[in-house]
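First the proteins, then the strands, lettered A, B, ... as listed; each starts at 1.
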Amino acid sequence: MSKGIAPVRGMNDVLPGQMAGWQLLERVTRELFSAYGYEEMRMPVVEHTELFKRSIGEYTDIVEKEMYTFTDIGGDSLTLRPEATAGLLRAAISNGMLRGARLKLWTAGPMFRHEKPQKGRYRQFHQIDLEALGFPGPDIDAELIALTARLWKRLGITRVRLQLNSLGTPAARAAYREKLVAYFQQHESSLDVDSKRRLGGNPLRILDSKNPDMRSLIADAPSLPDYLDEESKAHFAQLRASLDACGIEYQVNPRLVRGLDYYSRTVFEWTTDALGAQDAICSGGRYDGLVGLLGGESTPGIGCALGMERVVELLGAVPPAAGPQVYVIVAGESAERKALELAETLRDSPQAPSVHVNLGGGSIKTQFRRADQSGATLALILGEAEIERGVVAVKPLRAEGVQSEIPLAEAAVRLAGLLNS
RNA sequence: GUGGACGUAGCUCAGCUGGUAGAGUCCCGGAUUGUGAUUCCGGCCGUCGCGGGUUCGAGUCCCGUCGUCCACCCCA
């Protein structure tokens, strides 16, 4: 045996036993998104590096130190997407989908960020992403949030909390940022190491600090809501009124800022107390300037992304898919061919039951154990004795009942009767 | 990127102050001729994460490295 090859750090295999949760999430989101009028689309996993620099922001953690960037054979700088919004907008622009249109779109797939792996944080992770383009008002903001709230309900997830904030227009945000930097510079000596670093890059993130020593300093800092422009205030008030009307609980958190530069006005984040430190399961916001920034006709937009690994973790134990309806036990090598033939005949029949044939041999005892473990409703036993008489033995595995025999020629119909009873 | 804990059969783990690896489970076979639980018997499975060092001798001590987990950081 030669030496094994390890998986790439932070990149996980999803094994058959874990798929039930993923499939449940995928099925429920697909149905729900469609019901709200969102259409699916798919984009490449690789984009030009410039796309992410321009959208996410050159001085964000993601762009500065977390991107999988490489030069391809043609000499282009390409990057494995660290998030979905930029690529989706690029695709909408590239394909001429905007032109004043109102679009509701969703996509899902792997994203890549070179972070230190931790529970709920992986280097390849999966997001489901929703984007609504061309809707300026707070109505879409409210509907999008209502959709996510309904998603948790459908999935049976209860330990979640919604936080909400408005960052205002880029101009208002910039003005606030200046005030904030000035304030923290005055108190630079009391800043911790992380906050000093953030002061130059993303000073708003200082507000998010978990360091208790910073609490009083942060409490006295200029507050973002005081610097909001009138239109943003009105937008936010209408959003809140709509959420109230829909009975969606939320908490306004003036210190909720996002790590991506493109957000404006509404930002929101769903968190849970059930996952440890990586507690954000879905977050997003409005990005009215982003389409223009990427070279498209100025179009308002709002979107959000949910982390599939994290949500699947919250689902807990999802019952596995049902086993086959029948399991064919092959008594003796001489019956192998006939067993395959029988299975194919059954699959050809109008009833088309799900059939597993025992493959790879094994004693009768072992085959019965496999039949039991497969979850099959009925076991069929086919051996030389049965073949000679033109029958197959049938034994119920789940319900009480005795073993019987049915003619091979009528197998499909007779089995259908037994399975329906 | 920083700090801490951990890394022994496919899986869950035991292995005290260093003496040359063990249990349960899983899988396979058997316990009267072709029948799933349980029980019993037998079989299969390990370069003790990897690489150095100390020692007569290391799974057990030291260093490094890789990985996992937790927190910081970041974020979905």
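Using a 4.0 Å heavy-atom cutoff across all strands shown, E313(A) reaches no nucleic acid atom at all. Within 4.0 Å of A305(A), counting heavy atoms only, lie sugar-phosphate atoms of the nucleic acid but no base atom. Nucleic acid contact class of A393(A) (heavy atoms, under 4.0 Å, all strands): none. G276(A) comes within 4.0 angstrom of sugar-phosphate atoms only, judged by non-hydrogen atoms across all strands, and of no base. Nucleic acid contact class of G360(A) (heavy atoms, under 4.0 Å, all strands): none. At the heavy-atom level, G284(A) lies nowhere under 4.0 Å from the strands shown. Looking at heavy-atom distances under 4.0 Å, E66(A) makes contact with sugar-phosphate atoms alone, never a base. Across all strands shown, P396(A) has heavy atoms under 4.0 Å from base atoms, whether or not it also approaches the sugar-phosphate. Contacts of Y327(A) with the nucleic acid, taken as non-hydrogen atoms under 4.0 Å apart, are absent. If you check every strand for non-hydrogen atoms under 4.0 Å, L397(A) touches a base. Looking at heavy-atom distances under 4.0 Å, K116(A) makes contact with a base.
Within the 4.0 Å cut-off from OP1 or OP2 of rG29(B), not a single side-chain nitrogen or oxygen of Q367(A) is found. For rC73(B), the OP1/OP2 oxygens have no side-chain nitrogen or oxygen of R197(A) closer than 4.0 Å. Look at K365(A) and you'll find a side-chain N or O under 4.0 angstrom from OP1 or OP2 of rG36(B). The phosphate of rG34(B) has neither OP1 nor OP2 within less than 4.0 Å of any side-chain N or O from S363(A). An OP1 or OP2 oxygen of rA71(B) is reached within less than 4.0 angstrom by a side-chain nitrogen or oxygen of Q118(A). Taking 4.0 angstrom as the limit, R113(A) places none of its side-chain polar atoms (N or O) nearer than this to OP1 or OP2 of rG1(B). For rC75(B), one of the phosphate oxygens OP1 or OP2 lies less than 4.0 angstrom from a side-chain nitrogen or oxygen of R205(A).
Relative ring orientation between Y176(A) and Y227(A) is described as tilted, the plane-to-plane angle lying within the 30° to 60° band.
A donor-acceptor contact closer than 3.5 angstrom is absent between the side chains of Y327(A) and Q373(A). There is no side-chain donor-acceptor pair under 3.5 Å between H187(A) and D220(A).
For an aromatic pair to be called close, the ring centres must be under 6.0 Å apart, and Y38(A) with W106(A) fails this.
No N or O donor and acceptor, one from the side chain of E64(A) and one from the base of rG1(B), sit under 3.5 Å apart. Applying the 3.5 Å distance criterion, the base of rU35(B) shares a donor-acceptor pair with the side chain of Q403(A). If you check distances only, the side chain of K395(A) does reach the base of rU35(B) with a donor-acceptor pair under 3.5 Å. For rC75(B), the base has a donor-acceptor partner in the side chain of R310(A) [N/O atoms by modelled type, under 3.5 angstrom]. R9(A) contributes no side-chain N or O that forms a donor-acceptor pair with the base of rC66(B) under 3.5 Å. Side-chain N/O atoms of R121(A) and base N/O atoms of rC73(B) include a donor-acceptor pair closer than 3.5 Å.
Nucleotide rU38(B): unpaired (no Watson-Crick or G-U wobble partner with both distances less than 3.5 Å).
Across the P atoms, rC26(B) and rG36(B) are found 16 Å apart, a figure rounded to whole Å. Here the separation of rU12(B) from rC6(B), taken at their C1' atoms, is 16 Å to the nearest Å. Nucleotides rG7(B) and rA14(B) have their C1' atoms positioned 15 Å apart, rounded to a whole Å. Between rG34(B) and rG49(B), the distance separating the two C1' atoms is 46 Å to the nearest Å. For the C1' atoms, the distance linking rG29(B) with rU8(B) amounts to 28 Å, nearest Å. To the nearest whole angstrom, the two P atoms, one in rG52(B) and one in rG59(B), are 14 Å apart.
With respect to D372(A) and R398(A), a salt bridge is recorded, a charged nitrogen being found less than 4.0 Å from a carboxylate O.
Atom pair R369(A):CZ and rG30(B):C1' shows a separation of 12 Å (rounding to whole Å applied).
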